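Here is how names work: the chains are called A, B, and so on, in the same order as the sequence lines, proteins then strands, and each is numbered from 1. Quick caveat, the model's predicted, so the values are computed rather than measured.
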Amino acid sequence: MKAHLIDCDYITRDGRAVIRLIMKRNRFLRIYDPKFEPYFYAIPRAGSLESLKTAISHISLLVNAERIEPERIETEEKLLFGKKATFLKIFCKHPSHVRVLREHVRGLADVYEADIVFSRRYLIDRGLTPFDLLEFTHKGKELKKITKRGEPEGLTLRTLAFDIETYNPIGAPRPDKDPAIMISYADEESGVLTYKPIPLPFVHKVADEKAMIEEFCRLVKEKDVELLLGYNDVEFDLPYLRDRAKKSGAELRLGRDGFSSFKVQQRGLFKHAKIAGRVHLDLYAVAKFLALIGAVKTRRLTLGEIYNEMFGEEKKKVKKMDIWRMWDGSEEDQKTLAEYSLHDAIATKKIADKVVPLEFALARLAGASLPDVCGATTGQMVEMLLWREAHAQNRIVPNKPDKDEVRQRESMPVQGAYVKLPEAGIYDNLAVFDFRGMYPSIIISHNIDMDSLNCDDCTDAEKHVSPLGHKFCSKKKGLVPSVLERLIDERDRLKKELKSLKPGTPEYEAVFAKSQAFKIISNSFYGFLLYSRSRWYSRPCGESVTAYGRHYIQETIRKAEEAGFKVLYSDTDSVVLQLGSKPKEEAIAFMKKINSELPGRMELELEGFYPRGVFVGKKLAGAKTAEVGAKKKYALIGEDGRIKIRGFELVRRDWSRVARHTQQKVLETILKEGSKEKAVEIIREVISDLRDGKTKLEDCIIYSSIRKDIRHYAVTSPEVSAAQKAIKAGIPVQVGSLVGYIITKKGKTISEKSEPAELAKDYDPNYYIDHQVLPAVLKIMKELGYSEDDLKGSGKQTTLF
DNA sequence: TAATTCGCTAGACCGA
DNA sequence: TCGGTCTAGCGAA
């Protein structure tokens, strides 16, 4: 039989763990593999292997009336930190026994690989990856033999997105009192289930709340949903439906077994909902991940904002607080509400269509199931990948560090990248070069790996010596470089393939998602080397990566200057050159020369030519002496007119829109039109609007997040003050909340004047002029010869007024 | 209970 | 009131 592997877990039969595989042919099916046992490794700290084996074999414990002892012990030769060593492999009856036995064995020996999830152990040891096409023989539901047959072929999952609306007369709905009023769903078709007669073609009216919940379950069953999608439904929709089902006497039968609802598993900081026989994904977790890696940049991670960002169109909006009123209101209100509800499900589905291919690719890459990678951090995925590769190379996986070790690692950070101080000014005719995937290419080209450090496999003269003097083997490829090299090779191949495909087609999107997955993971390896809780932490490796980075970028700067270019700026892996009178070809020739001298896979790339760029000065504490350029803050305009902006207030969410917009317009005017007069005109108008109270309150909101418990703040900053006022008014503010606040006229300090956006009635024009708009534009105007006094206008003659 | 370091800037806070 | 230091958030890479 041929089928695709979807997911894997285990059940317990007669005290033994039995692996359960979820596979898909035309429908989902379950196959059991009873022939796989949990195990872990041990190696003596001192003494002989034999005596340790004897000691372990005698362990026999009674825990909760259950006898726990090793099933059998084998010996196995593995690589421990690159060196061969013989280990005891201790097999157990059940994964829970591993947890008990490892603690006892720890008293006698060093223990390894005793903290891996059983199902993942299975996939790794069998060499299986979710979505593989497998061929297997079976007897009844028992697996006999399983073989990998290849890449997924035409695998699709029947997908349904859903969303619920709830009655909320006091703002937040109370599951014990307030009913669910609508359930919307979307796959190829979409609809809304509700129990009021709303004359819209997509609305299906049922008798009451109970019938609505059960109709939804029937729909899930009838459509034989394989992938159920929600947005924040683990926290909200699913538990709410469960509570309402209980209250109304409905059965929430979501599972494919026909009777179960869902189970919530705590996974790290967030929860995961498991629905029997189906794959469930909460897209909120995906959104969080995308925000973490900077793929989406929204103020809040709400469905609406994510949708807006991804599709550049507004999702239908209703005021949350008004939902109950609309439900009780006119037919028109109810229609609007139903349309809104429908669109929530459709938006969820559309987001899924965009992000599920990426999750799919990440799952394939990390070798974990969709629910496992969905919401996993890059660090977790790097670990999954390394664990798999370590097994393939017969290496023992290092243990996680203990608390003291973590503290020790955190207490000694390593020196990072080099950033060149720019000179403030406006420049013409620039070329930007950067190292392609600098850190990954450094790791590969110098074989940076904890196992290749000070190896015995080559002589000192043959070794790669980092600028800090660490020596890496030049003969045997380490684990990290070998995995990384494979990733980079594969990504290069995908990028080539992409060129032959048409953007917008499903093939293109699938390959693009794959390529993104490879990029995300490749870029995370360096961080993982210096991550204090990493199993593969290595300070010498991590600091060698950055030291090589500093070395190569500084060499590039030196050679550029030698070749007669003025190097305006450089940050980590990039250089900005001023061409002056030199033709572009000379810059290209320079790049080629650099590349001819670089080792291995390292490569300097042309990022682009820019006709003009602005570097601004840094605000100096107190001293009004010589202007110093600011790092990480510049704007360049490309030959196609596109502007590349870094670090300016306008890219920061903790600045008001009025300041950000004004700064953007000023930058555009100067870069595109080169007109200072027009820039001044823009500023003048904004300031006059602010003065006259014409600026929209909404444009004055400043957003900032509350990153810890509100009581733990040492200083009462404006956002903290606003948060306190919000809490007082009954608006909840949790850790991680983004508070929007406005500086009002009332109060002395900025904090006193700060009010939550929801409560603010006015704004303080002086604050927005002096502390938002002017500082933002002043930096730029200064480069055009306008002084602070020119712009501020202290009553005397000014350029602005 | 899951990647890093470098850098800018504000507003609070504190002492002279 | 001034200037320096500290806390905190966010972005660049």
inquiry  = From the set B:dG11, B:dT1, B:dT9, return the single nucleotide nearest to any side-chain atom of A:K779.
reply    = B:dT9

task = Would you check if the distance from the ring center of A:H391 to the ring center of A:Y112 is below 6.0 Å?
result = no

request  = Take atom NZ of A:K271 and atom P of B:dT1, then tell me their distance rounded to the nearest Å.
outcome  = 19 Å

task = Among B:dA2, B:dC6, B:dG11, find the nucleotide with the atom closest to the side chain of A:V419.
result = B:dC6

request  = Name the residue closer to the 5' end of DNA chain B, choosing between A:L421 and A:F528 according to the nucleotide with the nearest heavy atom.
outcome  = A:F528

inquiry  = Under 4.0 Å, counting only non-hydrogen atoms across every strand here, what does A:Y767 touch: a base, just sugar-phosphate, or nothing?
reply    = sugar-phosphate

key: For A:F615, all residues meeting ring pair (Phe, Tyr, Trp, His ring centres under 6.0 Å), sequence neighbours excluded   = A:Y569, A:Y634

remark   = A:K288 NZ to B:dA3 C1', in whole Å, measures 17 Å

ask   = Is there a donor-acceptor contact under 3.5 Å linking the side chains of A:H470 and A:E543?
value = yes

inquiry  = Classify A:T716 by what it touches in the nucleic acid, base, sugar-phosphate, or nothing, heavy-atom distance under 4.0 Å.
reply    = sugar-phosphate

task = Assign A:G527 to base, sugar-phosphate, or nothing according to its heavy-atom contacts below 4.0 angstrom with the strands shown.
result = base

query = Does a side-chain N-to-carboxylate-O contact under 4.0 Å join A:D451 and A:R395?
reply = yes

request  = May I ask you to say what A:T749 touches in the nucleic acid, namely base, sugar-phosphate or nothing, with a heavy-atom cut-off under 4.0 Å?
outcome  = sugar-phosphate

query = How does each nucleotide of nucleotides 6-13 of chain C score, in 5' to 3' order, for protein heavy atoms under 4.0 Å: base (B), sugar-phosphate only (S), or none (-)?
reply = -SSBBBBS

task = Identify whether the distance between the nearest side-chain nitrogen and carboxylate oxygen of A:E755 and A:K725 falls below 4.0 Å.
result = yes

inquiry  = Under the rule for ring pair (Phe, Tyr, Trp, His ring centres under 6.0 Å), what residues qualify as partners of A:Y526, not counting sequence neighbours?
reply    = A:Y439

